[in-house]
Amino acid sequence: MTFGTIVQCLLGLVLLLLAAGGCSTTHLPDSTLPLAIYPGGEITLAEYRDWQLAKRKAGDPLREDLERLAVTNILASAAQEENLLSDPVTNFMVRRAEEAVLARALQEIQGESMSFTEDELRAAFEGRPENLFKPRKYRLHEIFLRSALDVSPETEAKYRRKAEALRIQLEEGADIAAMAREFSDSQTRFRGGYVGVVDPAKLAPSIAEAVVKLEEGELTPVLRTPDGFLILFCDFIVPERRNTFDENREKVRSILVRRETRRKWERLQQKLLEEAGPHYAFRALQDPETPEETIVLRHAGGELTYRQAATLLRSSARSGTNFSQWPESRLKAALDASIVQSMAARRARDLGLDQGPEIQARLRWRRKETLSMQELARMVSQRITAPSPEEIRKEIENNPLRYRLPAESLLSGIRLDGTAEDLRSRYEEATGLVEGIRAGELDFAKAAGRRSDHPSAAKDGDLGRHTQAQLASLGSSVAANVQEMELDEIRGPIQEKAALWILQLRDRSDPRPMDFAEARPLAEERLGNRHARALQLEIEAEILEGFRLMEQQTRPEGRVN
């Protein structure tokens, strides 16, 4: 990410709020009563209650809430004075914020008036064996000595001897909390080695096997894990017991409501997308030279320019903003979410959901908060300076582990999609493809182009380079298999839900340090974000210099501290 992009990303930064102690107050009946004042305005009880309605909060005024309102009000007023709504990006962001409120309102009504019979509730409870009992659990403490698997035999023996010596001390009555604080390498040392009340089913099999043999007051043997040596101590056992339907009736009802609400919303999303009839211009989105006002998406609910789409895509990316290199499938998923939001907001208005007092309050405050965020971004962008070359070099040199390129696997793949019903026939088809490729009767690339159901078929199955983390997008089974593959190996069929994969590992690179040119954009981004956060705090502190609570609130009948 370049420094220029950092400034653009400031548009998505949220307000960092100053916390300043707790407070309490009795009921204040006069809605015009000012609770706090700040340069240029005041916060009345009526305004505070409106904010509470929007946030679905209850209770008496809190100082940090009032400070948040003051910061929002001042920044939003400054945004209006600067006429930020005339800026196309700000106008678009405000509209998107309002659409998000309305889309959420439409989603929420999917669960209204939903009811289930007693038989349906009981069937749902009894249909999941895990609901019928609470498993036996163990309250555990640990001492952990870190040691990787690939250490020398001498180092391995040294750590095992140390672990065995610690276990002997524990058997002789040493306090495990004190021992953990002194010797353990786990973060649990800060709480005396306390792990928690644990269900063995959620532990690694080798550890669970040792835990289930424990009685209260007993220690496990020294256990070897991939990361080191572990000793566990059990001081209490929660016995297994059966759940009853009567105990869990409301819990089951809540689960069914959430599940059916989610299903109804998913069906409605698909229907809204179909009604929208979108037309995408993926090539324009993938070309950084596309003019900003070029229309890249049209649908029944509106259209998006390149500039608007770029704003959305950057905000939807967890890391990096180079969406021009995204595959069409990822671009489409991001744009489809935007389409659904716009269509849902339009339907919410048609249903009159925007007329309810709570939704109107949420719309008012989302609009004000969005304006305040845009103004804060503008103020930060005016003050921020680019990190110096010296800062960048020092950041890279001081954090070598942060600036490393992970191992990558260059893959080709063939995916055969199907359903649970036709999985057997597709498995036979996939097995035939694997045998033909291994025997040299079929070319992998040609087979992928003709037979694969994955979008990579258009590139003869080329999936590109993936880090281990990126492999998760292909599925956990695929990721696990790639880890084990040898160079040029053909592996499959690999089942991933109702799909079957055939993989070819074409190349694998080892992790390595980035050179300065590779690390510089990342370091510049990190330093720029750090500078931006510091400026945010500085601006908010300046805003709150004139903030104070009203004196009448210091009286016993209505105090805010």
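Small disclaimer: the values here were computed from a predicted structure and weren't measured. All residue numbers refer to positions in the sequence shown, counting from 1.
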Assess the residue pair Trp501 and Leu474 against the criterion (side-chain contact (heavy atoms from CB on, under 4.5 Å)); give the C-alpha distance rounded to whole Å, side-chain angles, the decisive distance to 0.1 Å, and a yes or no. CA-CA 9 Å; Trp501 277 96; Leu474 301 178; 4.2 Å; yes

Evaluate the salt bridge (Lys or Arg N to Asp or Glu O under 4.0 Å) criterion for residues Asp417 and Arg415: first the C-alpha distance (whole Å), next the side-chain angles of each, then the deciding distance (0.1 Å), finally the verdict. CA-CA 6 Å; Asp417 294 339; Arg415 191 182 73 190; 2.8 Å; yes

Arg96 vs Leu312, side-chain contact (heavy atoms from CB on, under 4.5 Å): CA-CA, chis, key distance, verdict: CA-CA 9 Å; Arg96 290 287 303 173; Leu312 285 179; 3.5 Å; yes

For a salt bridge (Lys or Arg N to Asp or Glu O under 4.0 Å) check, start with the C-alpha distance between Glu395 and Arg402, then their side-chain angles and the critical distance, and finish with the verdict. CA-CA 10 Å; Glu395 164 70 16; Arg402 183 178 296 147; 2.8 Å; yes

Could you give me the CA-CA distance, side-chain angles and deciding distance for Ser206 and Arg224, then say whether side chain to side chain donor-acceptor pair (under 3.5 Å) is met? CA-CA 9 Å; Ser206 60; Arg224 185 60 164 109; over 6 Å; no

Pair Leu416, Leu433 - check side-chain contact (heavy atoms from CB on, under 4.5 Å), show working. CA-CA 11 Å; Leu416 303 180; Leu433 284 173; 4.3 Å; yes

Check the pair Met373, Met93 against side-chain contact (heavy atoms from CB on, under 4.5 Å), reporting the backbone distance first and the verdict last. CA-CA 10 Å; Met373 286 189 290; Met93 294 292 285; over 6 Å; no

Evaluate the salt bridge (Lys or Arg N to Asp or Glu O under 4.0 Å) criterion for residues Glu391 and Lys394: first the C-alpha distance (whole Å), next the side-chain angles of each, then the deciding distance (0.1 Å), finally the verdict. CA-CA 5 Å; Glu391 283 183 288; Lys394 186 176 179 181; over 6 Å; no

Evaluate Arg393 against Glu390 for salt bridge (Lys or Arg N to Asp or Glu O under 4.0 Å), listing each step before the verdict. CA-CA 5 Å; Arg393 190 172 296 279; Glu390 292 75 19; over 6 Å; no

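Counting only heavy atoms from C-beta outward, the side chains of Pro513 and Arg404 approach each other to under 4.5 Å. By the 4.5 Å heavy-atom criterion applied to side chains, Gln495 and Ser477 are not counted as neighbours. Using a 4.5 Å heavy-atom cutoff, the side chains of Leu304 and Ser338 are in contact. Looking only at side-chain heavy atoms (C-beta outward), Arg307 and Pro88 come within less than 4.5 Å of each other. Annotation: side chain of Arg136 is in contact with side chain of Ile237 (closest heavy-atom distance under 4.5 Å). Residues Thr220 and Arg167 are not in side-chain contact: their nearest non-hydrogen atoms beyond the backbone lie 4.5 Å or more apart. Using a 4.5 Å heavy-atom cutoff, the side chains of Ser184 and Ile143 are in contact. You'll find the side chain of Ile502 reaches within 4.5 Å of the side chain of Ile490, heavy atoms only.
Rounded to the nearest 0.5 Å, atoms CD (Gln470) and CG (Leu463) are 12.0 Å apart. In this structure, OG on Ser409 lies 9.5 Å from NE2 on His466, to the nearest 0.5 angstrom. With rounding to the nearest 0.5 angstrom, the CE atom of Met343 is 11.0 Å from the CG atom of Leu106. Atoms NE2 and NE2, from His299 and His279 in turn, are 11.0 Å apart once rounded to the nearest 0.5 Å. Note: Leu140 CG to Leu232 CG = 5.5 Å, rounded to the nearest 0.5 Å. Distance check: His141 NE2 to Met179 CE gives 14.5 Å after rounding to the nearest 0.5 Å.
With hydrogens and angles disregarded, no donor-acceptor distance shorter than 3.5 Å links the side chain of Gln110 to the backbone of Arg262. When atom types are taken as modelled, the side chain of Gln468 and the backbone of Gln483 share no donor-acceptor pair closer than 3.5 angstrom. Looking only at distances, a side-chain donor or acceptor of Thr290 sits under 3.5 Å from a matching main-chain atom of Ala284.
The environment of CD in Glu293 is crowded: more than 12 heavy-atom neighbours from other residues, nucleotides or ligands sit within 6.0 Å. No more than 12 heavy atoms of other residues, nucleotides or ligands sit less than 6.0 Å from atom CZ of Arg104. Other residues, nucleotides and ligands contribute more than 12 heavy atoms inside 6.0 Å of the CZ atom of Arg191. Other residues, nucleotides and ligands contribute over 12 non-hydrogen atoms within 6.0 Å of the CD atom of Glu218. Counting heavy-atom neighbours within 6.0 Å of Lys264 NZ, excluding the residue itself, gives a total above 12.
A salt bridge does not link Glu435 to Arg438: none of the charged side-chain nitrogens sits closer than 4.0 Å to a carboxylate oxygen. For the pair Lys158 and Glu154, the salt-bridge criterion is not met [side-chain N within less than 4.0 Å of a carboxylate O]. Using a 4.0 Å cut-off between a side-chain N of Lys or Arg and a carboxylate O of Asp or Glu, Glu164 and Arg161 do not qualify as a salt bridge.
Nearest heavy atom pair, residue Arg139 against residue Tyr194, reads CG-CE1, 3.5 Å. Minimum heavy-atom separation, Lys137 to Val197: CB-CG1, 3.7 Å. In this structure, Leu313 and Ala334 approach most closely via the heavy-atom pair CD2-CB, 3.5 Å. Across all their heavy atoms, Trp265 and Ala103 have their closest contact at CH2-O, 3.9 Å. The minimum heavy-atom distance linking Pro387 with Gly528 is given by the pair CG-N, 4.1 Å.
Ring geometry, Tyr280 versus Phe282: the interplanar angle falls under 30°, so the pair is classed parallel (tilted spans 30 to 60°). The aromatic rings of Tyr159 and Phe229 lie parallel to each other, with less than 30° between the two planes, well short of the 60° mark.
No hydrogens or angles considered: nothing links the side chains of Ser452 and His454 as a donor-acceptor pair under 3.5 Å. Ser342 and Glu99 form a side-chain donor-acceptor contact under 3.5 Å, judged by distance and modelled atom types alone. No side-chain donor-acceptor contact under 3.5 Å links Arg160 and Ser147.
Just one residue in the list Ile231, Asp227, Thr188 forms a side chain to side chain contact (heavy atoms under 4.5 Å, CB included) with Phe144, and that residue is Asp227.
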